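Before any comments, here is the structure.
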Amino acid sequence: MRTPPASAPLLIVCALGIEHLALRTGDRGGAGGRFGVLRTGMGPRAAERSVAGRLAGSGMTDAAVLATGFCAGLAPGMHPGDLVVAEETRDARGTVPCVGTDLLVKELRRAVPGRTVHTGPLTGSDHVVRGPERSALLATGAIAVDMESAATLRTAVGTGDRPVAAVRVVVDAPEHELVRIGTVRGGISAFRVLRSVLPAFFEWHRSLPLPRR
C-alpha cells in the first residue's frame, strides 16, 4: 500500500445527523493536521456516492479515510457504549483490511477509559439488523454490523491506494435492542462515547508512515 504524503488530510465519515453532531461537538484535542467530517446519509449507496464525490474534490484525493458512527453489536455480552475497531470490513462485494488496528485500540482506551473495546470483522448490511439475523451474521465471524462502513472503505480504496480504518460505537446489542437512537439510555451512552473518540482518530492519522524520500 502506498503511504500518504505528509500533508495528506484525514477524512472522517459518518452517516447520520446525530453522529455528525457528536463528532462536530466532540473533543478535538490533538488535531494537528487537516481533517474533514463527511456526513453521507444512511445506507451503502449513499455512502458510496458521498465518499467518491468527496475524495474526488480538491484537497482530499490522498486522504486517509476512517469510517465511524454507531453499530449493532452481534456478540452476547456487548453493551451500548462499547467500541468496535474493525480488523476488516466486509459485505457481499468484498473485504477491505484496516490499517493500524492495534494503535486505535490503545488510543481509544486512553480517550474513553473504562469502555470495552472489541476487535474483529465489521460486516455491512443494507438494512437495520434485528433478532435472529444477528445470530446468522455472528456465525460468519463478524462481531458487529452497520450499513455504511464496508461501502465507505471499499469506495475509498477503489478511488486510490490509501490507509483506511473503521471504528464504531455499539448502540444496541442482542440483550439491548433499541427502537430509536437517543430515546433510551443506551443511545445516550453511545452518543457520549462518540463525542470522545476524535483524539484517538487524530493519533491514528498522525502515526501513519510517511513516504520514503
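Quick note: numbers below take in every heavy atom, side chains included, and nothing from hydrogens, waters or symmetry partners. Predicted model, so just to flag it, every value in this text is computed and none were measured.
- Linking Ile, Leu, Val, Met, Phe, Trp and Tyr residues whenever their side-chain heavy atoms come within less than 4.5 Å places Met42 and Val37 in a single cluster.
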message: The test is side-chain contact (heavy atoms from CB on, under 4.5 Å); show your working for Leu55 and Arg162 and say whether it passes.
response: CA-CA 11 Å; Leu55 291 176; Arg162 68 184 79 248; 3.9 Å; yes

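- You'll find the side chain of Asp82 stays beyond 4.5 Å of the side chain of Val169, heavy atoms only.
- Taking OG1 of Thr152 as the reference point, atom CG of Leu11 lies at 9.0 Å (rounded to 0.5 Å).
- At a threshold of 4.5 Å between non-hydrogen side-chain atoms, the residues Met78 and Val84 count as touching.
- Side-chain contact check for Leu122 versus Asp146: some heavy-atom pair is nearer than 4.5 Å.
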query: Stepwise, does the side chain to side chain donor-acceptor pair (under 3.5 Å) test hold for Arg154 with Thr89?
result: CA-CA 8 Å; Arg154 178 167 30 79; Thr89 58; over 6 Å; no

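- Residue Leu153 comes nearest to Ala165 through the heavy atom pair CD1-O, 3.5 Å, listed as atom of the first residue, atom of the second, then distance.
- Contact detail for Ala166 and Cys98: the closest heavy-atom pair is N-SG, 4.1 Å.
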query: Yes or no on side-chain contact (heavy atoms from CB on, under 4.5 Å) for Phe201 and Val167, after CA distance, side-chain angles and deciding distance?
result: CA-CA 9 Å; Phe201 297 171; Val167 174; 3.8 Å; yes

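- The pair Arg45-Glu48 does not count as a salt bridge, with every side-chain nitrogen at least 4.0 angstrom from each carboxylate oxygen.
- Cluster membership for Leu66 and Val85, using ILVMFWY side-chain heavy atoms within less than 4.5 angstrom, is shared.
- Transitive grouping of hydrophobic side chains (ILVMFWY, heavy atoms separated by less than 4.5 Å) brings Leu194 and Leu104 into a common cluster.
- Judged by distance alone, the side chain of Glu87 and the main-chain N or O of Thr119 form no donor-acceptor pair under 3.5 Å.
- Two residues are said to be in side-chain contact when any heavy atoms from C-beta on lie closer than 4.5 Å; Phe70 and Ile18 meet this criterion.
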field: Val145 and Arg134: CA distance, side-chain angles, deciding distance, side-chain contact (heavy atoms from CB on, under 4.5 Å) verdict
entry: CA-CA 9 Å; Val145 58; Arg134 291 181 191 268; 5.7 Å; no

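- The backbone N or O of Gly94 sits less than 3.5 Å from a side-chain atom of Asp91, completing a donor-acceptor pair.
- Of all non-hydrogen atoms in Pro80 and Ser189, the two that sit nearest each other are O-OG, 3.8 Å.
- Atom CG in Leu10 sits 10.5 Å away from atom CZ in Arg206 (nearest 0.5 Å).
- Of the charged side-chain nitrogens involved, none lies within less than 4.0 Å of a carboxylate oxygen, so that Arg109 and Glu107 do not count as a salt-bridged pair.
- Counting all heavy atoms, side chain and backbone alike, Ala156 lies closest to Val164 at CB-CG1, 3.9 Å.
- Here the side chains of Val112 and Ser196 are in contact, with some heavy-atom distance below 4.5 Å.
- Counting heavy atoms from C-beta outward, Ile143 and Leu74 have side chains that stay 4.5 Å or more apart.
- Checked by atom type and distance alone, the side chain of His20 never pairs as donor or acceptor with a backbone atom of Thr40 at under 3.5 Å.
- Side-chain atoms of Ile12 and Leu198, non-hydrogen and from C-beta on, do get closer than 4.5 Å to each other.
- Taking 4.5 Å as the limit, some side-chain heavy atom of Glu148 sits within range of a side-chain heavy atom of Arg168.
- Listed for the Trp204 side chain is a donor-acceptor partner under 3.5 Å among the backbone atoms of Val99.
- Judged by distance alone, with hydrogens and angles left aside, the side-chain atoms of Glu19 form a donor-acceptor pair with the main-chain N or O of Leu16 at under 3.5 Å.
- A pairwise comparison of heavy atoms in Glu203 and Leu103 identifies O-CD2, 3.8 Å as the closest pair.
- Residues Ser125 and Pro44 come closest through the heavy atom pair O-CD, 4.0 Å.
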message: Please determine whether side-chain contact (heavy atoms from CB on, under 4.5 Å) holds for the pair Arg54 and Arg49, giving the CA-CA distance in whole Å, both sets of side-chain angles, and the decisive distance to 0.1 Å.
response: CA-CA 9 Å; Arg54 188 68 183 92; Arg49 288 193 301 268; over 6 Å; no

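- Not one N or O on the side chain of Ser50 forms a donor-acceptor pair closer than 3.5 Å with the backbone of Ala47.
- Between the His79 side chain and the Gly77 main chain, a donor and an acceptor come within less than 3.5 Å of each other.
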